[in-house]
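Let me begin by presenting the structure, written as structure tokens, before commenting on it.
Keep in mind that the numbers below use all heavy atoms, side chains included, and drop hydrogens, waters and symmetry copies.
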Amino acid sequence: MPFTSKELEAKLWQAADILRGQIDSSDYKNYIFSLLFLKRLSDRFDEEVERAVADGVPSEVALSDADEHEFFVPESARWRAFSQSSMNTGQVLNNASRVIADANAPRLDGVLTGTDWNDESKLGSPANRERIIRNLLNHFGELNLRDDNLRDAEGGIDNVLGDAYEYLIDKFADDAGKKGGEFYTPRPVVRLIVELLKPHEGMRICDPTAGSAGMLIFSAQYVKQHGGDERNLVLHGQERNLGTLAAGKLNLLLHNLRSARIEPGDIFTEPGLVDNSGRLLTYDRVIANPPFSLKNWGYEFAPNDPHHRFDRYDAVPPRTRGDLAFLLHMLAVTNSEGMVGVVMPHGILFRGGAEGKIRRGLVEADLFEAIIGLAPNLFSGASIPVAICVLNKNKPVERRGKVLFIDAAQDGYFTPGKARNYIDTEHINKIADVFHGFEGVDRLAHVADLDEISENDFNLNISRYVDTTEPIEVMSVADALAQLRAAEKRRDEAASKMDALLAEMGYAR
């Protein structure tokens, strides 16, 4: 019987219970994701062999010819081979991961080999490692991850396996607390940004801080949902954390986005998305959730940047806050008609010094299209409120010289939760509608022209432009006098009644 998404999610999450209390929760994903992919590759390989043989291919050819398979799995790396190992299973898994990566280079570079199954600092003593790995192998051995077991109602496997993987990433982000925010952006926030940017077929899309690749995946899904062919997209990213890079590559593979490309390395000191001449590649949509206020982002490198990303606004972002450094990089890789959608802490909207100079330069260049404040406590391990900044190098004529401010941190635009707050589909749609309408809405949104922003000394703090206070009804003089006369009449009537009562009791004046 095929798995439903919920059944597969529950089974995969049970694997975390095997590790809970044994290793740090922030490391769960590396081991579980690696084993999930090893099992998936092996089961899919066996399925392809069976189908090839059924089509008349000799079994020895089906087992040994890489052309018969999407991913070739050498015999020593197939599940039945390493799962039956009786000792030093960690090294056996490391060898299997390396053999599969070599057989499928460069497509699987960094996907499996980034997990060390013999890491004593993570898995403990040899005996403890052997016990943990054996329990995981037994658990995953109960899963049959062939295509035929993963088909959804429409006959596709992308939703079942991909959704289960996304579920795990979400759960691991919560479990890992603050560290979870390093590789995961809450999917409703991703959906909102994608709804704002409206990517379409044929576009080039980039996430320079790709994490687990959710931004790229949801961009592709948006295109597909709106009638486009997601295969006709260029999806690029870069990620400096190698463990997170592996999770992102695996996420793309499980969502059948085979041509997507994520490069390793630091975007400031070693940008990996460059052409044959070493120039930065450019894109139609650049979408990201960079680390908030990153310290030591590469300030020393900025003056000698060969791509001149940080010398356009007469200031370099502060040494200890890299927020605007990320934004400047994103603008540098956005083509002349492209848009940027980025999550930023509110500080970039009002801080002075170098950030104030850069902000003024961006405003005067008419790059900001909208600033949208979201509720606090939406992100794992980060309770601060954030803003989505939309920048556009080719604004529609009617939006030029204007910036839309939206305060979506109010009741009605998020759902309070115990551990985290959430934005739901209803909230996403309401916020996106206001953005696309680009009009003022009482106590929610305001369209400011550049003169108004200049008068505010280029401060982009949302509260300066959107007044969310309830209006106080001001009474007219005539109504006030009428109420006064009525009150005086009631007073006189009460006094007369009191005098009458006193007189009856013998206390007349």
Side-chain angles (χ1 to χ4, degrees), residues 5-6 8-10 12-13 16 25-26 28-29 159 162-198 207 209 211-219 221-222 225 247 251 255 287-292 341-346 370-390 405-436 441 443-445 462-463 466 468:
S5 292
K6 293 298 183 184
L8 186 56
E9 288 168 5
L12 293 178
W13 183 241
S25 58
S26 62
Y28 288 178
K29 68 181 190 302
N159 289 340
D163 287 354
Y165 187 84
E166 281 285 324
Y167 166 84
L168 281 183
I169 293 175
D170 188 4
K171 296 285 283 186
F172 289 149
D174 278 343
D175 224 36
K178 185 176 181 179
K179 289 184 178 179
E182 296 176 4
F183 63 87
Y184 181 78
T185 303
R187 290 331 186 210
V189 175
V190 178
R191 289 192 187 97
L192 174 57
I193 301 177
V194 173
E195 287 283 349
L196 301 177
L197 298 185
K198 286 186 174 293
D207 181 352
T209 58
S212 56
M215 299 274 190
L216 299 177
I217 289 166
F218 277 80
S219 294
Q221 290 178 345
Y222 179 91
Q225 289 163 4
N251 203 7
H255 282 88
I287 178 171
N289 173 28
F292 296 158
V342 60
V343 181
M344 285 275 141
H346 278 253
I371 297 169
I372 304 167
L374 300 182
N377 203 28
L378 292 173
F379 292 75
S380 297
S383 60
I384 62 171
V386 298
I388 294 175
C389 296
V390 179
F405 294 85
I406 303 175
D407 187 342
Q410 311 175 58
D411 289 344
Y413 293 89
F414 72 97
T415 299
K418 290 183 179 179
R420 271 198 282 156
N421 294 327
Y422 302 89
I423 54 176
D424 304 321
T425 300
E426 174 192 359
H427 307 135
I428 293 171
N429 293 339
K430 289 198 303 185
I431 297 168
D433 286 347
V434 173
F435 170 77
H436 294 302
V441 179
R443 297 193 301 281
L444 174 65
I462 298 169
S463 62
V466 181
T468 61

Verdict with supporting geometry, Ile217 and Asn251, side-chain contact (heavy atoms from CB on, under 4.5 Å): CA-CA 8 Å; Ile217 289 166; Asn251 203 7; 3.2 Å; yes
Distance col, row Leu12:CG vs Leu168:CG, nearest 0.5 angstrom, shows 5.0 Å
- Query: Quick one: are Ile372 and Leu196 in side-chain contact, heavy atoms under 4.5 Å?
  - Reply: yes
Self-check item: Lys418 backbone acceptor or donor facing Arg420 side chain under 3.5 Å
Solution: no
Quiz item: Quick check: does any side chain N or O of Asp207 sit under 3.5 Å from a backbone N or O of Leu216, one acting as donor and the other as acceptor?
Solution: no
Leu374 vs Phe414, side-chain contact (heavy atoms from CB on, under 4.5 Å): CA-CA, chis, key distance, verdict:
CA-CA 8 Å; Leu374 300 182; Phe414 72 97; over 6 Å; no
What one should report as the nearest heavy-atom pair of Ala445 and Val466 is N-CG1, 4.0 Å
Those residues at least two apart in sequence (or on a different chain) that pass ring pair (Phe, Tyr, Trp, His ring centres under 6.0 Å) with Phe405 are Tyr465
By side-chain contact (heavy atoms from CB on, under 4.5 Å), Ala387 pairs with (sequence neighbours left out) His346, Leu349, Ile371
- Item | Asn421 side chain vs Pro376 backbone, donor-acceptor pair below 3.5 Å | yes
Sorted by chain and residue number, the side chain to side chain donor-acceptor pair (under 3.5 Å) partners of Thr415 (sequence neighbours excluded) come out as Asp424
- Message: As a quick check of understanding, evaluate side-chain contact (heavy atoms from CB on, under 4.5 Å) for Ile388 and Ile431, giving each step before the final call.
- Response: CA-CA 11 Å; Ile388 294 175; Ile431 297 168; over 6 Å; no
Minimal heavy-atom distance between Ala288 and Met215, with the atoms involved, is C-CE, 3.6 Å
With a 4.5 Å heavy-atom cut-off, do Tyr222 and Lys198 have their side chains touching? yes
Rounding to 0.5 Å, atoms OH (Tyr422) and CG (Asn377) come to a distance of 9.0 Å
Sorted by chain and number, sequence neighbours left out, side-chain contact (heavy atoms from CB on, under 4.5 Å) with Ser463 holds for Asn461
Q.
Are Leu197 and Val390 packed together at the side-chain level, in the sense that at least one heavy-atom pair is separated by less than 4.5 angstrom?
A. yes
Closest non-hydrogen contact found for Pro345 with Ile384 is CB-CD1, 4.3 Å
For Tyr413, the side chain to side chain donor-acceptor pair (under 3.5 Å) test, sequence neighbours excluded, returns none
Shortest non-hydrogen pair, Gly214 vs Arg187, comes out as CA-NH2, 3.6 Å
Here the pair of heavy atoms bringing Arg443 nearest to Gln410 is O-NE2, 3.0 Å
Residues at least two apart in sequence or cross-chain that pass side chain to side chain donor-acceptor pair (under 3.5 Å) with Lys6, listed by chain then number, are none
So the side-chain hydrogen bond (donor to acceptor under 3.5 Å, both in side chains) pairs with at least one residue in residues 426-436 (sequence neighbours excluded) are none
In short, Thr209 meets Pro291 closest at the heavy-atom pair CG2-CD, 4.3 Å
Hey, mind stepping through Ile287 and Phe218 against side-chain contact (heavy atoms from CB on, under 4.5 Å) and telling me if it holds? CA-CA 11 Å; Ile287 178 171; Phe218 277 80; over 6 Å; no
